[in-house]
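Keep in mind that the numbers below use all heavy atoms, side chains included, and drop hydrogens, waters and symmetry copies. In what follows, chains are A, B, ... by sequence order, proteins preceding strands, each numbered from 1.
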Amino acid sequence: MVNFPQVLDKAYDPKAVEDRIYKLWEESGAFIADAKSDKESFTVSMPPPNATGQLHLGHSVMLALEDIFIRFNRMKGKEALWLPGTDHAAIATNSIMERKLAEEGLTKHDVGRDEFLKRVRNFVEDSKKTMRGQIRKMGASCDWSREKYTMDPSLSRCVNEVFKRMYDDGLIYRGHRIVSWDPKMQTTVADDEVEHVEKAEPYWTFQYGPFQISTSRPETKFGDKYVVVHPDDPRYKKFKHGDQFECEWINGKITATVIKDAEIIDMEQGTGCMTVTPWHDKADFDLAERHELEKEQVIDFDGKLLPIAGDLAGMHIDEARPKVLEILEAKGLLIETDENNIHNVSVNYRGKGILEPQIMEQWFIDVNKEVVDWKNKKMSLKGIMQDVVKSGDIKIIPERFDKTYFHWIDNLRDWCVSRQIWWGHRIPVWYKGKGEEEREVYVGINPPEGNGWTQDSDTLDTWFSSGLWTWSTLIDPEVAKDSSLSLEDLLKNSPDFQKFHPTQVLETAYDILFFWVARMILMTTYATGQIPFDTVYLHGLVRTRDGRKMSKSDPETCIDPLEIIPKYGADALRLSMIVGQMPGNDFQLYEEKIGGYRNFVNKLWNASRFVQMKCEDEGVDPHTVAGSGSGSENLSLADRALQSSLDTLIADVTKGLDEYRLSEVGEKLYSFIWDYFCDWYLELSKEETNINMLVGTLRTFLVLLHPYCPFVTEELWEHFKFEKSEGMLIAQPWPVHSDPKKQDKDAERDFQIIIDVITSIRSIRADQGVEPGLKLKAIVHTKKHQKLLESQQEHIERLARLSELTIDSSPTKHENAASTFLKDIEVHIPLEGVIDFDKERGKLGKEKEKLESFAKAIESKLNNKKFVDNAPEEVVETEKDKLKNAQNKLNKIEERLKTLK
RNA sequence: GGACAGCUAGCUCAGUUGGUUAGAGCGUUCGGUUCACAUCCGAAAGGUCACAGGUUCGAUUCCUGUGCUGUCCACCA
């Protein structure tokens, strides 16, 4: 008595399967990588999501892609490590906490630094818990035993180590620079975190002594005592550089100086002259540095005016602007008001607070100093960043981002790494004594001995720590506790680092190429002497159906993965985000699309159900079926063709995944199972069943599809796996494709001919509105094809749903027949009095025309001496074959056209 | 202002060294369907491959230019 496994339900229900399967995977230990393994390693560092709560679809894309990389390589026999984690997200988290405090009517100063940080830590712990659950829902096979967090002690240790080393190497310095200050969040913002938004603001022109100057920000002009013109400007020829004059200004008379500068001034624009505000404008600051001008602060760090503003001191700049205008207008200095002016305002990309340039003392990383050892040369950080991509050590997919990357580096300036917020890695610098010049400075991993030291109150830019992510996460936490070890020792004594670094692929959205990817390259090459990853795979942004960015604030269009997964299944969601999506391109996601892939998953499910029923009919337990490859003696044409197609599929999928062409591979898998296996092979199996082929092919396919659809394939594997195979599907070896035998390869082509014949018959019948039951005639021109069609006649009839079919190798005239041409076959359906001659003639005429021009083109190519002499012989032969084929076909068409006359 | 991309079916996009009839999914229309699956099957319609030149026997593909769209960077007294 055969013991059948539990029969599959009529439809696949992901809800009943996914959580159970994930648990089984986790318990099986399949996710856990072994640093002691002899196998080649394959490592992916999961880009750490911000520890601020819910994951969104962008994270789902990332998880789906990376899970495919990892599962594929794990099955291929690599020691695969996918390391998950979270980022403390300094500014983002800090501002969320400040908002939470504000809801209680508190500020951070009310609760103090310690209490503030305690609250943030609790909040982050909660968020991490939620996110872990969400990552599991996507089926991500990451190694939870190695989960990391950017604020873990071992990671913080790395941050301090790198800071100190950079400081000792002279790459980190402290200096007064103009920075973008966010008065709202009370912190500096890095250059690339600044966003420009258009804003309509009036543009005023004022009389300034003998000059007319224009501005949209009169409230900053209190301290302006220089006027700049172009040295070549004829309008201002009578003024010399350094000339002084007295004039009436906002708070009375001032003495102003004329400066001539060619760099900053565009003669074409406006009046060709301007006043300078060095403290609150980057270009003015540079000018002031060049000419050693005095700099004076006008606006304080809360956005209020300083005593220089006289009566208006203490007033917020927004309120001050109309007052300043009133004053100037009253003095008769306002010349013109342009209400239609639109200009760009700088805002913080987090929080969107308007930024105010300020001169501040900050910590910077020098990107131009050539002191770093790299490939036996002294190079700058910038130079290394360029070199690793230029030399091909790091490959970016898609390639076009290379150019963007280089362009960005060319314009890169020193990186300001200090932030004036509380949440983050505190700068490992301590001071003793008073005064910026006289105090002692200590830079180290731990606080210095002795009393009287106070730590720098600033924290580091988030990207400083995430720049270390690929390797700081691989440092052994126990080893990191030993404070006597150097950075080199830490790396040397961490088995994970030795085994799993550099990582293989870094996959992320293209919008953080600069923020993060470039910083990782910078920090990792500097600190470890290794590149962080071999390949950068950039995915696009998820958009709504009408192309808008999905945002949480718009629940109408925003798709929540946690709502979609129970409804359609994680497998369907994964497919919908990968098939049809090219790297680096944004893509639109909507429910119907996900529904389409749910149908695909269900199709596979039902095909499996069919196979199961066939097994039952034959009285065999699928688990005992040895599978294809065994007992190949009695293979039909279709069987051989299937075998060959499957081999081709294995080869294509393997190569495609090795080359990160995920969309293309997804399409191949989709079309193999649906368009080929189900539509043709299973239909034939209804008459003549080869259980070995059915079960064997299904099994191999489950392995191939597993990286894309881990849940449904794992569930089906349980029902179809060979009794002798051990473990779950996740741990199965990747199939090796045997080079298809010649006879199988031929079978694949022959079977394709049959498919073509049947498709043509269907098409003619539909075209001419033929009732089923009419007699069909296929005219073949070679004995080989005649034999083929005759031997498969039953199949053809069945599949074509025709009652009669005759094969004729002697071309006869069929006046009343619709026809179609295949390679060496002509399919006719005799249709007394039904056929539309004009239509038929038109069709043939068109085809004839195209063939003629094609033949002509090849002929002239073959007549072209240059081509014949230079091209390889095979190419010339192919061209000759092509020509012969075309001419044969032309003859057939001519003949057919004659019969229609 | 600079750079990068895109423009192919109603929509979303493929198109791998220039070559026979430019593809897929969705959508539309028509037809079918007890027998794995209506989460199904079959078929059809629908394209001057943005435009103009050039190279070539032949260009969606290569080159130049133009237009439109998008993104990034820089700047705006």
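Within 4.0 Å of A:Ile265, counting heavy atoms only, lies at least one base atom of the nucleic acid. Within the 4.0 angstrom heavy-atom criterion, base atoms lie near A:Lys686. Residue contacts for A:Glu683: at a heavy-atom cut-off of 4.0 Å it reaches a base atom on one of the strands shown. Residue-level contact check: A:Arg609 touches the backbone only, with heavy atoms under 4.0 Å from sugar-phosphate atoms and none from bases.
In this structure A:Gln212 satisfies the side-chain hydrogen bond (donor to acceptor under 3.5 Å, both in side chains) test together with A:Gln207, sequence neighbours excluded. Residues satisfying the side-chain hydrogen bond (donor to acceptor under 3.5 Å, both in side chains) test with A:His280, not counting sequence neighbours, are none. Residues that satisfy the ring-ring contact (aromatic ring centres under 6.0 Å, His included) test with A:Phe222, not counting sequence neighbours, are absent from this structure. Listed by chain and residue number, nothing satisfies the side-chain hydrogen bond (donor to acceptor under 3.5 Å, both in side chains) test with A:Gln588 (two or more places apart in sequence, or in another chain). Partners of A:Asp402 under the salt bridge (Lys or Arg N to Asp or Glu O under 4.0 Å) rule, at least two apart in sequence or in another chain, do not exist in this structure. In this structure, A:Tyr226 has no ring-ring contact (aromatic ring centres under 6.0 Å, His included) partners at least two apart in sequence or on a different chain. Under the ring-ring contact (aromatic ring centres under 6.0 Å, His included) criterion, A:Phe672 pairs with A:Tyr676, A:Phe701, sequence neighbours left out.
On a pure distance criterion of 3.5 Å, a polar donor-acceptor pair joins the side chain of A:Lys603 and the base of B:rC37.
Checking B:rG25, B:rA5, B:rC37 against every side-chain atom of A:Asn602, the shortest atom distance belongs to B:rC37. For A:Leu682, taking side-chain heavy atoms from C-beta onward, the closest of the listed nucleotides B:rG25, B:rA3, B:rA36 is B:rA36. Between B:rC75, B:rA36, B:rC73, one nucleotide has an atom nearer to the side chain of A:Phe610 than all others, and that is B:rA36.
To the nearest whole angstrom, the two P atoms, one in B:rU61 and one in B:rA74, are 35 Å apart. B:rU39 and B:rA50 are spaced 39 Å apart, taking the C1' atom of each and rounding to whole Å. For the P atom pair drawn from B:rU48 and B:rG23, the interatomic distance equals 15 Å after rounding to whole Å. Here, B:rU29 and B:rU34 have their C1' atoms 26 Å apart, quoted to the whole Å. Between B:rC26 and B:rC75, the distance separating the two C1' atoms is 44 Å to the nearest Å. B:rG53 and B:rG19: their C1' atoms are spaced 23 Å apart (whole Å). Taking the P atoms as reference points, B:rG6 lies 10 Å from B:rC62, given to the whole Å.
Summarising the geometry, the separation between CD1 on A:Ile758 and C1' on B:rC41 is reported as 14 Å, rounded to the nearest angstrom. Between the OH atom of A:Tyr405 and the P atom of B:rA5 there is a distance of 18 Å, rounded to whole Å. As a whole-Å value, the separation of A:Asp410 CG from B:rC4 P is 12 Å. In this entry the distance linking CG of A:Asp675 with P of B:rG23 reads 15 Å, nearest Å. For the pair A:Tyr510 OH and B:rC72 C1', the interatomic distance rounds to 9 Å; values are reported in whole Å. Spacing between atom NE2 of A:His407 and atom P of B:rC4 amounts to 8 Å, rounded to whole angstrom units. Spacing between atom OH of A:Tyr681 and atom P of B:rC37 amounts to 20 Å, rounded to whole angstrom units. Summarising the geometry, the separation between CZ on A:Phe677 and P on B:rA36 is reported as 14 Å, rounded to the nearest angstrom.
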Under 3.5 Å between N/O atoms: give me all the protein pairs with nucleotides 42-44 of chain B, atom names plus distance.
{"residue": "B:rG42", "atom": "OP1", "partner": "A:Asp679", "partner atom": "OD2", "Å": "3.3"}
{"residue": "B:rA44", "atom": "OP1", "partner": "A:Ser763", "partner atom": "OG", "Å": "3.3"}

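RNA chain B is contacted by both A:Ala283 and A:Asn606; A:Asn606 maps to the nucleotide lying nearer its 5′ end (nearest heavy atom per residue). Along RNA chain B, the nucleotide nearest A:Asn411 and the nucleotide nearest A:Ala11 are compared for position; the residue whose nucleotide lies closer to the 5' end is A:Ala11.
Judged by distance alone, with hydrogens and angles left aside, the side-chain atoms of A:Arg519 form a donor-acceptor pair with the main-chain N or O of A:Phe515 at under 3.5 Å.
A cation-pi geometry, defined here as NZ or CZ lying under 6.0 Å from the six-membered ring centre and within 45° of its normal, does not hold between A:Arg598 and A:Tyr568. Geometrically, A:Lys593 engages A:Tyr590 in a cation-pi contact defined by less than 6.0 Å to the ring centre and at most 45° from the axis.
Remark: B:rG42 base-pairs with B:rC30; criterion is Watson-Crick or G-U wobble with both hydrogen-bond distances under 3.5 Å. With a cut-off of 3.5 Å on both Watson-Crick or G-U wobble distances, the partner of B:rG23 is given as B:rC13. Pairing for B:rA5 goes to B:rU69, judged as Watson-Crick or G-U wobble with the two contacts each under 3.5 Å. The partner of B:rG53 is B:rC63, judged by Watson-Crick or G-U wobble contacts that both fall below 3.5 Å. In this entry B:rC76 has no Watson-Crick or G-U wobble partner, no candidate having both defining distances under 3.5 Å.
For A:Thr275 against A:Asp284, the heavy-atom pair with the smallest separation is O-OD2, 4.1 Å.
Note on A:Asp224 versus A:Lys221: salt bridge recorded, some NZ/NE/NH1/NH2 to OD/OE distance being below 4.0 Å.
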Nucleotides 12-17 of chain B: protein proximity per nucleotide (B base, S sugar-phosphate only, - neither; heavy atom, under 4.0 Å): SSS---

